[in-house]
Amino acid sequence: MMRWKGPALALSMTAVLGTAAMAGLDALDRAYPPPLEPPATSTEVVDRDGALLRALATPQGAWRFRITLDEVDPHFVDMLIAYEDRRFRRHVGIDPAALARAATQFITNGRIVSGGSTITMQLARLIEPRKERSLTAKLRQMVRALQIERRLSKDDILERYLTLAPYGGNLEGIRAATLAWFGKEPKRLGVGEAALLVSLPQLPERRRPDRHPQAAAEAARDRVLARMITADKLEQREAERARDASVPARRHDMPFLAAHAAERALAENPGLPRHQLTISRRVQEGLEAVARETAARLGSRLSVAMVMADAQTGDILAEVGSAGFFDGARAGWVDMTRAVRSPGSTLKPFIYGLAFEEGLVAQETIIEDRPSNFGGYLPRNFDLEYQGDVSVRTALQMSLNVPAVRLLDAVGPTRLAARFRRAGVTLALPRDEAPGLAIALGGAGLTLRDLVRLYTGLANRGETVAIANVAGERETAAILDRRATWQVADMLSGIAPPEGAGARGIAYKTGTSYGYRDAWSVGFDGRHVLGVWVGRPDGAAVPGLSGYASAAPVLFKAFERSGLPVTPLPRAPAGALRTARADLPMMQRRFSAPGDALRQPGVAEPAPQIVFPPQGARVELASGAGSAAIPLVLKLQGGRAPFRWLANGRPVEGLWRRRTANWQPDGAGFSTLTVIDAAGRTASVKVFIEQDAPTP
């Protein structure tokens, strides 16, 4: 039997006791873990790049934001570690050398010179705050620091500390501090700014820059700078430049941008800690400033609303619901981007677009601007004057009312409303009332957001896109064909800017609702659409209010202050031309509505009607021998010869005296066929051409 000798037994017993002690400590550690639940943080509404638009304080009233190390200036982190805990990356939560130094200084000086606390110990104090400062409290922090180091990585500890560290008042965490003291995110800090922020958590109330800027804040900052020089972390010259800078004398307010959009986001998803919008903070700030300045100039009860969107993606880059969210006189809490109002003349471009699609007019076609009666409807121009014979281009650019109604009567208000519905926009009409000619002059309801959505089609080659301020799939729809879209955009780009505004390469249209209640301006370049509304939220009349004088200047200023570069308008597609009047087909030189021809003396024949192909037909063209497809035979009834045929707005070669003609399609797809007779009467159909492969 083996006997234990004295030293071996003692060693064995020590190992057993040590193991038992470790097991006991481990059990205690598991039984009493540190409270490391993620701290409550402010709810955030951020822009497309993560910049803060709006925030809500924590339930305790603190500004505290979640943060990661890659969101913080690395030079600040290096300065913090060098000043507070230079062996942070090496110790296990307690730094014996720092504690020994602190104890020696206390004995020598009779007072605390340095604390000896590590960053981990400071985190322990922050997660379990206690008022007393005693040896027992310090020992408790040391134990907690050891526990924390067992559970979190060094980077996790730094992130927790930078989330909870106090920076004066109700500011907690580095992000709240940089937003409040410097008005910026913590990603990029100056040397002096970083030094001040390193010093604040030690005595946050006594060193608050807004209360004791000279006596405490600057002195604390300068001590940090001096320590950095001693530690070879900073050059003397750089530190001197940082000392010359003054500390902030007041706190910045937390951002409060895109108030209506933020309110809606918070209401729709109340449990989310972070809401990201497609809005650009830079663009939003520019447009809100323009809205405030404009409203202050126009009067105490007028407000301004704006929506700017990317016409290709549908992302809303800025939306201003009112000139001031808390302005009671302007009912600032009402989101006027969603209010249904009369759009005035802003829908006219789409009427002209349909007329171009059908081949009824060209830019230089002459159209009458004279007093007219449309079945009892008597439209008048805004200035109560008439221009007589004008070109279609001039009629749209001058926003003449009678020509627009003439064209709408020809293309049909129901068809216009159907195009809008296809694009996701439904006009607000009185109950059980069908769309009428008054739509041309604003006789229907529409929101600013809907108007911007329609205009994305003019900026995007005829393809509208649903607009939204949150990411997601967007519906698209064709509202006009490419040629008609280009013709309309080309005419709108020729409208002179308002007085005092420089040319910016944008196309735009204005509108004024009946009774001077709403002023509108909508403009676009090759990428962005901006809609502007000016008026009283209560719908009261404002004498002198007009789209050109009141809203158009805002449009041009907002485009400028948005900071976005101007994107050139799309180039003309194949077949879209500006044709001189002398070069137009005879029947396109002057517009005559079908009803006008019926009333002309000496015209006994009925108006022309295309009988083949019928409206909406899908026509399959078989190919003959070789590569050429067999032409499509066109047939009509009525009308007075000779006849001019147009395919997609382009003349088909020749004048036809017979009521049949041949047309060679230039490819598969949708095509619009139009016939014009000698009396100027027209008929149109839209068909889809399908072609087989050529027969060998």
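Please read all numbers here as calculations on a predicted model, not as lab measurements. All residue numbers in this chain count up from 1 along the given sequence.
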Return all side-chain donor-acceptor pairs below 3.5 angstrom for residues 225-236, not counting sequence neighbours, or 'none' if the list is empty.
| residue | atom | partner | partner atom | Å |
| --- | --- | --- | --- | --- |
| Arg227 | NH1 | Tyr83 | O | 3.2 |
| Thr230 | OG1 | Ala226 | O | 3.1 |
| Gln236 | NE2 | Glu240 | OE2 | 3.4 |

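- Heavy-atom neighbours of Arg211 CZ from other residues, nucleotides or ligands within 6.0 Å: at or below the threshold of 12.
- Glu319 is listed as a side-chain neighbour of Ile279, based on a closest heavy-atom distance under 4.5 Å.
- Checked by atom type and distance alone, the side chain of Arg64 never pairs as donor or acceptor with a backbone atom of Thr58 at under 3.5 Å.
- With respect to the salt-bridge test (charged N to carboxylate O, under 4.0 angstrom), the residues Arg297 and Glu293 do not qualify.
- For the pair Asp327 and Arg301, the salt-bridge criterion is not met [side-chain N within less than 4.0 Å of a carboxylate O].
- What you find for Tyr167 and Ile174 is that their closest heavy atoms are CE1-N, 3.8 Å.
- Side-chain contact between Leu317 and Leu564 is present, with at least one heavy-atom pair separated by less than 4.5 Å.
- The nearest pair of heavy atoms linking Ala177 to Leu197 is CB-CD2, 3.8 Å.
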Test log, rule side chain to side chain contact (heavy atoms under 4.5 Å, CB included), inputs Leu555 and Ile506 = CA-CA 10 Å; Leu555 177 83; Ile506 62 175; 4.2 Å; yes
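- A pairwise comparison of heavy atoms in Thr464 and Thr456 identifies CA-OG1, 3.4 Å as the closest pair.
- Here Glu288 contributes atom CD and Met306 contributes atom CE; the two are 8.5 Å apart, rounded to the nearest 0.5 Å.
- Evaluation of the side-chain hydrogen bond (donor to acceptor under 3.5 Å, both in side chains) test over residues 183-192, restricted to residues two or more places apart or in two chains, returns Arg175-Glu185, Lys184-Glu193.
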key: Steps toward side chain to side chain contact (heavy atoms under 4.5 Å, CB included) verdict (Val290, Val304)   = CA-CA 9 Å; Val290 172; Val304 179; over 6 Å; no
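- Using a 4.0 Å cut-off between charged side-chain N and carboxylate O, Arg90 and Asp95 make no salt bridge.
- Taking a 6.0 Å sphere around CZ of Arg237, one finds it holds 12 or fewer heavy atoms contributed by other residues, nucleotides or ligands.
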task = Report the C-alpha distance between Glu238 and Arg241 in whole Å, list the side-chain angles of each, state the deciding distance to 0.1 Å, and finish with yes or no for side chain to side chain contact (heavy atoms under 4.5 Å, CB included).
result = CA-CA 5 Å; Glu238 194 173 8; Arg241 285 199 299 268; 3.9 Å; yes
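- Between atom CZ of residue Arg66 and atom OG1 of residue Thr41 there is a gap of 3.0 Å, rounded to the nearest 0.5 Å.
- Taking every heavy atom of both residues into account, Val247 and Glu218 meet most closely at CG1-CG, 3.6 Å.
- Side-chain atoms of Ser322 come within 3.5 Å of backbone N or O of Gly332 as a donor-acceptor pair.
- Of all non-hydrogen atoms in Arg330 and Ala323, the two that sit nearest each other are CD-CB, 4.1 Å.
- For the pair His275 and Arg54, the minimum side-chain heavy-atom distance is 4.5 Å or more.
- Residues Glu149 and Lys154 are paired through a salt bridge, judged by an N-O separation under 4.0 Å between the basic side chain and the carboxylate.
- Between the Thr447 side chain and the Ala339 main chain, no donor and acceptor come within less than 3.5 Å of each other.
- Not one N or O on the side chain of Asp518 forms a donor-acceptor pair closer than 3.5 Å with the backbone of Arg341.
- No donor-acceptor distance shorter than 3.5 angstrom exists from the side chain of Asn460 to the backbone of Gln312, with no hydrogens or angles considered.
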request  = Would you please test Thr68 and Asp70 for side-chain hydrogen bond (donor to acceptor under 3.5 Å, both in side chains) and show each step?
outcome  = CA-CA 6 Å; Thr68 59; Asp70 59 2; 2.4 Å; yes
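- Checked by atom type and distance alone, the side chain of Arg474 pairs as donor or acceptor with a backbone atom of Thr313 at under 3.5 Å.
- Panel note: side chain Glu44, backbone Arg274; no donor-acceptor pair is recorded below 3.5 Å.
- The environment of His91 atom NE2 is dense: over 12 non-hydrogen atoms of other residues, nucleotides or ligands sit within 6.0 angstrom.
- With hydrogens and angles ignored, the 3.5 Å screen pairs no side-chain donor or acceptor of Glu84 with any backbone N or O of Thr118.
- Atoms NE2 and OG1, on His260 and Thr337 in that order, are 8.0 Å from each other to the nearest 0.5 Å.
- Residues Ser562 and Leu287 come closest through the heavy atom pair CB-CD1, 4.0 Å.
- For the pair Pro166 and Glu205, the minimum side-chain heavy-atom distance is 4.5 Å or more.
- With respect to Phe65, the side chain to side chain contact (heavy atoms under 4.5 Å, CB included) criterion is satisfied by exactly one of Thr43, Leu162, Leu52: Leu52.
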request  = Show the numbers, then the answer: is there a side-chain hydrogen bond (donor to acceptor under 3.5 Å, both in side chains) between Asp47 and Gln284?
outcome  = CA-CA 9 Å; Asp47 82 342; Gln284 184 73 27; over 6 Å; no
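- Remark: side-chain polar atoms of Asp538 are paired, donor with acceptor, to backbone N or O of Ala540 under 3.5 angstrom.
- If you look at Phe559 and Tyr508, their ring centroids are not closer than 6.0 Å.
- The shortest distance between side-chain heavy atoms of Phe88 and Leu80 does not fall below 4.5 Å.
- Note that the OG atom of Ser153 and the CD atom of Glu159 stand 7.5 Å from one another [nearest 0.5 Å].
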inquiry  = Pair Gln122, Asp85 - check side chain to side chain contact (heavy atoms under 4.5 Å, CB included), show working.
reply    = CA-CA 10 Å; Gln122 293 179 49; Asp85 188 1; 6.0 Å; no
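- Here the side chains of Leu196 and Phe182 are in contact, with some heavy-atom distance below 4.5 Å.
- Arg144 places a side-chain heavy atom less than 4.5 Å from the side chain of Gln147.
- Other residues, nucleotides and ligands contribute at most 12 non-hydrogen atoms within 6.0 Å of the CG atom of Asp253.
- Atom OH of Tyr161 is separated from atom CZ of Arg125 by 8.0 Å, given to the nearest 0.5 angstrom.
- In terms of modelled atom types and a separation under 3.5 Å, the side chain of Arg160 and the main chain of Leu36 share a donor-acceptor contact.
- Contact annotation: the side chain of Leu448 never approaches that of Met336 to less than 4.5 Å [non-hydrogen atoms, C-beta and beyond].
- Interatomic distance, CG of Leu451 versus CD1 of Ile467, reported as 9.5 Å (0.5 Å rounding).
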